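The next block holds one structure in the form of structure tokens; read it before the comments.
Fair warning: this is a prediction, and the values are worked out from it, not measured in the lab. Within every chain, numbering begins at 1; the chains are lettered A, B, ... in the order of the sequence lines, protein sequences first and strands thereafter. Any value given below was found using the heavy atoms of this structure, including those in side chains, with hydrogens, waters and symmetry copies removed.
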Amino acid sequence: MEEPEELGGKDVEFVLPVDSDKKATEFRLFFLAPPHMRTFHLAWLSLFSCFFSTFAIPPLQPIIRDDLNLTDTDIGNAGIASFTSSIFSRLAMGPICDLMGPRVATAMLSLLTALLIFAFSLASSPNDFILLRFLIGFSLANFVSNQFWMSSMFSGNVVGLVNGFAAGWANVGSGATQIFMPLIYSLITSFGVASFTAWRIAFVVPAVFQVVTALMVLAYGQDLPQGNYSSVKMKMRENMSSKEGLFEDLFHGLKNYRGWILGLTYGFCFGVELTVDNVIAQYFYDRFGVNMQVAGTIAACFVFANCFSRPFRGVLSNVMAKRFGMRGRLWSLWIVQSVAALLCILLERTNSLMSSVVVMCAFSVFVQGTSGLTFEVVPFISKRSLGVISGMTGSGGTVGAVVTQLLLFSGSKFSKQTGISLMDLMMFFCTLPISLIYFPQWGGMLCGPNYIHSSSFAEHNYHLLA
Amino acid sequence: MDSRLLIVSSLLLLCLSGTTCHGSVLFSSLKRTLSVHASPKQGAKLKAGEDKITVTWDLNNTLPASTDDQYKKVKVKLCFAPISQKDRAWRKTENEMKRDKTCQFTIVDRAYDSSAKTEQRFDWVVERDVPTATYFVRAYAYDSAGAEVAYGQTTDTSKTSNLFDVQGITGRHVSLDIAAASFSAFSVLTLFGFFFNEKRKARAGK
């Protein structure tokens with residue numbers, strides 16, 4: 001483990017250039033240099049394993065539903081349950097990271113949820129299924145610790161890009177699982193194991209993977225460039241966190257209407273993405289009659305766009321911001337999300353397998369791009385309450401997932417096709433509030449900046465990032 | 001671009017909804033000419049992987065002998081009863097045979113010998129991947145083109161009589177339980193070990 005460094009003492013040599021807080025000002029993707037880049041890789045990998053485990057269930061759903069005698073209602077409820085738990089856990093994760101440090105918070109959550117994945121192999125009734133999916137959903141709170149950790153390690157000028165890569169690459173876990181779980185299952189059944197036993201054995205893989213990443217985080221990670229929370233001096237920690245304390249920051253963040261609007265729009269881009277992750281394999285399996293492996297691969301294509309679409313939307317946002325400022329960021333967010341909604345409508349209308357897959361891929365690029373663009377705006381809302389705003393937006397994502405899953409994909413009320421077309425209409429209308437976001441010194445979508453009040457704005461201690 | 005796509009999609013939709021577009025067979029067009037019997041009686045409870053079903057089938061003896069001249073193949077299948085299809089869209093009954101999901105397990109698939117006027121018979125141990133549900137047995141007769149032309153089933157038209165239950169395997173094994181418990185214990189111990197270690201270092205540091 002790293003030796004603790006003292007602030008204000010001798011200058012430690014970091015591989016990457018750093019600012020006054022020792023946060024890296026450059027992002028070199030394929031470096032493993034401690035502490036910054038090593039932390040980046042540990043963070044995205046552990047979140048990847050959480051996504052891998054949580055979404056390991058949908059691709060094997062056709063087998064699990066027969067083994068546990070599930071109904072469509074049970075499956076829908078379980079999907080909702082898995083997102084509901086992550087709403088609360090994401091909100092709680094911010095304060096936990098403040099208390100214990102992101103390293104311990106991440107590892108602890110990963111280890112505890114790994115237990116539940118082992119337990120999932122033992123499920124034998126619909127209630128077990130719903131309960132375990134609820135509990136395993138807690139692991140998605142690692143998204144908050146992931147972003148928090150990156151913000152502690154990287155400086156303002158690159159943090160958007162870093163967050164985009166960390167989140168985007170981690171999200172790929174939910175796609176990788178759609179390919180690998182059916183393959184692991186096929187491998188096990190090829191040894192003559194009964195299908196109802198094979199899927200249980202298959203779950204050992206994501207669980208062990210999660211334990212391994214958690215242990216790596218504990219062994220090789222550190223909370224801050226200077227060391228871990230436990231070894232950093234109290235004085236330094238006071239300097240970092242707000243003088244008024246945690247509750248002030250919380251209240252300050254909750255009061256900000258922009259956080260709520262972004263929470264809503266994130267609900268209908270990332271929330272939609274989560275819901276689609278849950279239903280897309282079954283949608284292709286049931287609608288087009290493809291087998292489980294093919295359905296899983298198609299579903300995975302949906303998620304793999306995350307690899308590049310999220311980070312590069314961050315780049316797009318930076319480019320738009322250079323030319324048009326905050327107004328550019330807001331406009332690009334609205335346009336990309338609206339296009340995603342329209343593509344979703346098209347997905348429901350297409351009837352051939354090939355064109356469905358193509359439309360789905362285009363839809364995935366846009367919907368994931370929107371997620372990236374949202375978090376490009378988040379750091380600018382409030383530096384002081386960054387954790388709270390991130391938590392609100394992040395939770396908004398899962399609330400959106402719960403709402404869409406609950407209204408549209410639970411039970412047999414709507415066919416999956418009708419559910420998809422209603423979801424995209426909701427998406428389109430819930431994107432419109434972005435036009436209401438207004439920053440006095442930068443403007444909003446429809447109005448320019450108000451220069452007269454911008455100086456007093458700064459006096460209100462917003463400390464917005466440039 | 002959008003309007004052209006809309007036209008193409010509408011054409012495809014019309015085509016698929018038509019019954020003769022690709023010659024897809026409808027269940028309602030099949031004649032019930034086969035007489036099918038299965039050993040489990042109404043309410044019987046069978047165990048997957050252990051119990052046996054004996055199915056017998058032949059042409060309904062009230063029909064002329066030449067009725068089955070076209071039949072080249074017969075498939076006898078295990079089919080879900082309505083109660084096991086409820087709230088489970090992946091087992092839905094559809095009129096279009098290609099999309100119908102009622103009968104998902106094949107008991108036997110063999111050539112149909114129309115010259116042999118005796119009853120055909122097959123013994124089948126319920127396979128381990130058959131899930132817990134209520135079932136009946138149905139046989140489909142196929143012509144030389146591989147399309148369904150006739151059927152027979154053990155239950156009535158409304159699928160309410162002569163249904164039996166299968167209890168599927170759980171898939172759980174003692175070895176799996178032990179493995180899961182061991183790995184879980186290892187995870188928890190590692191976490192506690194880490195906290196203990198950290199506390200020890202902090203105390204040593206002071």
Side-chain angles (χ1 to χ4, degrees), chain A residues 1 4 61-63 65-74 104 107-108 110-112 114-124 189 193-201 203-204 207-208 210-211 214-215 218-219 228 230-231 282 285-286 289 342 346 349-352 355 411-412 415-416, chain B residues 1-2 5-6 8-17 48-49 80 84-92 98-99 101 104 127-133 167-173 175-177 179-195 197-199 201-202 205:
Chain A
M1 296 206 198
Q61 197 85 282
I63 296 295
R65 67 192 179 190
D66 276 343
D67 188 354
L68 303 182
N69 205 11
L70 304 175
T71 61
D72 277 322
T73 312
D74 292 328
V104 172
M108 194 173 72
S110 289
L111 281 172
L112 292 176
L115 262 179
L116 298 164
I117 300 159
F118 285 123
F120 194 76
S121 296
L122 311 180
S124 46
T189 50
V193 179
S195 56
F196 291 170
T197 305
W199 75 260
R200 296 173 186 277
I201 299 174
F203 271 90
V204 172
V208 168
Q210 197 159 311
V211 170
L215 295 177
L218 285 176
N228 288 318
S230 55
S231 51
Q282 271 193 100
Y285 183 88
D286 292 333
L342 294 171
L346 193 61
R349 298 279 148 98
T350 46
N351 280 306
S352 90
S355 30
S412 328
S415 73
K416 295 232 170 5
Chain B
M1 165 69 183
D2 274 44
L5 200 60
L6 203 60
V8 171
S9 318
S10 327
L11 278 173
L12 264 170
L13 200 64
L14 271 168
C15 201
L16 286 171
S17 64
F80 291 107
S84 292
Q85 293 175 300
K86 192 163 148 228
D87 205 8
R88 293 178 175 90
W90 66 93
R91 294 179 185 169
K92 205 160 165 226
K98 246 195 329 216
R99 288 174 50 208
K101 302 262 172 59
Q104 296 187 11
E127 272 161 22
R128 288 184 304 165
D129 61 354
V130 173
T132 304
Q167 178 66 41
I169 60 166
T170 58
R172 286 180 61 175
H173 284 280
S175 49
L176 193 61
D177 292 356
S182 316
F183 279 123
S184 308
F186 172 74
S187 310
V188 175
L189 285 171
T190 324
L191 189 62
F192 280 122
F194 165 77
F195 279 127
N197 205 23
E198 287 269 299
K199 273 220 157 61
K201 269 194 182 169

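Across every non-hydrogen atom of B/Ala89 and A/Asp72, the tightest pair is N-OD2, 2.8 Å. Minimum interatomic distance between B/Val130 and A/Phe196 (heavy atoms only, all atoms of both residues): O-CE1, 4.1 Å. The shortest heavy-atom contact between A/Ser195 and B/Asp129 is OG-CB, 3.3 Å. Nearest heavy atom pair, residue A/Val204 against residue B/Phe183, reads CG1-CE1, 4.0 Å. Of all heavy-atom pairs between B/Leu176 and A/Ser121, the closest is CD2-O, 4.2 Å.
Here the CG-OG distance, from A/Asn69 to B/Ser84, works out to 7.0 Å after rounding to the nearest 0.5 Å. Once rounded to the nearest 0.5 Å, the distance linking NE2 of B/His173 with OG1 of A/Thr197 reads 3.5 Å. Atom CZ of A/Arg200 sits about 9.0 Å away from atom CG of B/Asp177, to the nearest 0.5 Å. Summarising the geometry, atom OG1 belonging to A/Thr73 is positioned 3.0 Å from atom CG belonging to B/Asp87; distances are rounded to the nearest 0.5 Å. Considering CD1 of A/Ile117 and OG of B/Ser184, their distance stands at 10.0 Å, rounded to 0.5 Å. The CG atom of B/Leu189 sits 11.0 Å away from the CG atom of A/Leu111 when rounded to the nearest 0.5 Å.
Comparing A/Ile63, A/Val208, A/Thr71 by heavy-atom pairs within less than 4.5 Å of chain B, the highest count is held by A/Thr71. Among B/Val188, B/Leu191, B/Thr132, the residue with the largest count of heavy-atom pairs under 4.5 Å with chain A is B/Leu191. Across A/Leu70, A/Val193, A/Ile201, A/Leu112, the residue that shares the most heavy-atom pairs under 4.5 angstrom with chain B is A/Leu70.
Proximity to chain B (any heavy atom under 4.5 Å) is restricted, for A/Leu215, to the side chain, taken from C-beta onward. Looking at A/Leu68, there are no atoms closer than 4.5 Å to chain B (heavy atoms on both sides), in backbone or side chain. When heavy atoms are compared at a cutoff of 4.5 Å, B/Lys92 does not approach chain A at all.
Contact check for B/Phe194 versus A/Val104: side-chain heavy atoms found under the 4.5 Å cut-off.
More than 12 heavy atoms of other residues, nucleotides or ligands sit less than 6.0 Å from atom CZ of B/Phe195.
The pair B/Arg91-A/Asp66 counts as a salt bridge, with a side-chain nitrogen and a carboxylate oxygen less than 4.0 angstrom apart.
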